[in-house]
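Taking it in order: structure first as structure tokens, then the write-up.
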Number of protein chains: 2
Amino acid sequence: MIKLSKKIEYGILALQYIAIHSDKIISAKEISEQMGIPYEFLSKTLQQLMKKGLIQSQQGIKGGYVLSKKPSDLTVKDIIIALEGKASFLDCFVSSKGLVCDRSPNCTIKNPMERLQSKVMQVFGTTTIEEIAAN
Amino acid sequence: MIKLSKKIEYGILALQYIAIHSDKIISAKEISEQMGIPYEFLSKTLQQLMKKGLIQSQQGIKGGYVLSKKPSDLTVKDIIIALEGKASFLDCFVSSKGLVCDRSPNCTIKNPMERLQSKVMQVFGTTTIEEIAAN
DNA sequence: ATTATATCCGACTATTGTAATCCGATTTTT
DNA sequence: AAAAATCGGATTACAATAGTCGGATATAAT
Ligand code: FES
Ligand code: FES
């Protein structure tokens with residue numbers, strides 16, 4: 001339904017929260033409670049964002065997360081790609097090797113759809129966490 | 001994964017096909033065979049597009065479909081809305097009555113996400129079938 | 001009239017992807 | 001040593017997508 005997954009929604013909420021409280025290190029528990037996000041699911045999401053380098057983690061009793069980049073350098077596109085891999089409107093776009101669907105290689109929508117997708121990704125790529133945090 | 005549903009993919013393929021062969025009336029079977037789309041599923045999709053007024057149908061042995069509007073007036077946004085109802089990035093956006101999630105009404109991402117969505121919809125709204133058919 | 005070919009439409013099933021949970025291990029401060 | 005946090009694999013629950021089935025109706029050609 002052209003909607004963002006909960007994972008991405010939670011990711012944006014969490015990064016926004018961390019960005020706003022950038023003076024201290026933020027635990028998954030705090031975000032979970034403050035934002036009303038299932039703890040376990042959020043933890044997984046934060047770990048994934050960490051693995052992709054968007055945030056840095058500190059383990060142990062005083063642990064938590066901080067941003068790796070400035071909020072103004074962190075875009076929604078970064079988050080989407082970190083959490084769901086390369087975004088692609090059509091399945092066919094994913095395959096780097098061989099054909100996925102029988103329409104290819106004589107596909108009549110591949111080019112126009114790729115152009116459309118790149119326009120949309122440009123929108124995501126120019127929307128930053130800073131902008132979102134500012135409301 | 002920020003991807004378009006098969007329904008929308010098929011809808012675009014079908015409308016593009018009808019637009020290109022606008023000199024004659026096109027049956028679901030022809031589109032199904034030429035584009036490699038499951039017939040039953042495509043039929044449903046075309047009926048839905050018909051109900052929403054994007055195409056007109058002709059029943060009977062020489063029946064089929066023609067576009068209601070010029071390809072230059074038919075956008076991807078039209079197709080998405082016809083096939084999936086009002087698009088919305090977050091579940092919260094759908095509800096016109098009451099609260100869907102416990103974050104509302106003090107939600108910190110509602111406004112920025114709505115702005116983001118409207119930008120994306122603008123991209124969809126300015127991409128026409130004519131443009132897609134031209135490749 | 002009959003037949004062939006088309007749209008129409010509800011109900012159903014199968015498959016996939018999302019969302020969430022469970023459980024245990026590791027790390028680090030107190 | 002204990003408490004509080006991250007880490008991470010495996011599993012389950014649920015929902016949405018994708019596709020199918022069976023039959024009804026409409027229309028044109030024979
Ligand atoms: S739809 Fe598969 S290659 Fe275009
Ligand atoms: S996330 Fe539900 S109102 Fe914002």
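Reckoned from all heavy atoms, side chains included, excluding hydrogens, waters and symmetry mates.
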**Q.** Residue-phosphate contact under 4.0 Å: B:Q58 side-chain N/O, D:dA28 OP1/OP2
**A.** yes
Q.
Assuming nearest nucleotide by heavy-atom distance, tell me which of B:K44 and B:K29 is located more 5' along DNA chain C.
A. B:K29
Q. B:S27 side chain: which of C:dT7, D:dG19, D:dT6 is closest?
A. C:dT7
Q: Take the protein atom NZ of A:K51 and the nucleotide atom P of D:dT6, then report the distance between them rounded to whole Å.
A: 15 Å
Q | A:S57 vs D:dC7: side-chain N/O to OP1/OP2 distance below 4.0 Å | A | yes
Q. Do A:K52 side-chain atoms and A:A82 backbone N/O form a donor-acceptor pair below 3.5 Å?
A. yes
Q) Does any N or O in the side chain of B:T128 come within less than 3.5 Å of the main-chain N or O of B:D73, such that one atom is a donor and the other an acceptor? A) no
Q) Please give, in whole Å, the distance from C:dA11 P to B:E40 CD? A) 16 Å
Q: Select one nucleotide: of D:dA18, C:dT26, D:dA29, the one nearest the side-chain heavy atoms of A:Q59.
A: C:dT26
Q. Given D:dG19, is OP1 or OP2 found less than 4.0 Å from the side-chain N or O atoms of B:Y10?
A. yes
(Q) Any base atoms under 4.0 Å from B:K7, or only sugar-phosphate, or nothing? Heavy atoms, all strands. (A) sugar-phosphate
(Q) Using whole Å, what does the distance between atom P of nucleotide C:dT5 and atom CD1 of B:I31 come to? (A) 18 Å
**Q.** A:K52 NZ to D:dG8 P, straight-line distance once rounded to whole Å
**A.** 13 Å
**Q.** Between P of C:dT21 and NZ of A:K6, the distance in whole Å
**A.** 13 Å
(Q) What's the closest nucleotide to the side chain of B:I61 if the choices are D:dA3, D:dG19, D:dA28? (A) D:dA28
Q) Checking A:Q117 side chain against A:F89 main chain: does a donor-acceptor pair fall under 3.5 Å? A) yes
Q.
Using every non-hydrogen atom in the two residues, find where A:I25 and A:G63 come nearest and quote the distance to one decimal.
A. CD1-C, 4.0 Å
(Q) Pick the closest DNA chain D nucleotide for A:G64 and for B:I8 by heavy atoms, then say which residue is nearer the 5' end. (A) A:G64
(Q) Counting only side-chain nitrogens and oxygens, does A:Y39 get under 4.0 Å of the OP1 or OP2 atom of D:dT6? (A) yes
Q | Atom-pair distance (CG on A:D91; P on C:dT15), nearest Å | A | 17 Å
Q: Can you tell me the distance, in whole Å, between the CD atom of B:E9 and the P atom of D:dA18?
A: 9 Å
Q: Work out which heavy atom in A:I109 is nearest to a heavy atom in B:E9; give both atom names and the distance.
A: CD1-CG, 4.2 Å
Q: Counting heavy atoms from C-beta on, name the nucleotide in C:dT21, D:dC7, D:dA18 closest to the side chain of B:S5.
A: D:dA18
Q.
Without decimals, in angstroms, what is the distance between A:Q48 CD and D:dT6 C1'?
A. 15 Å
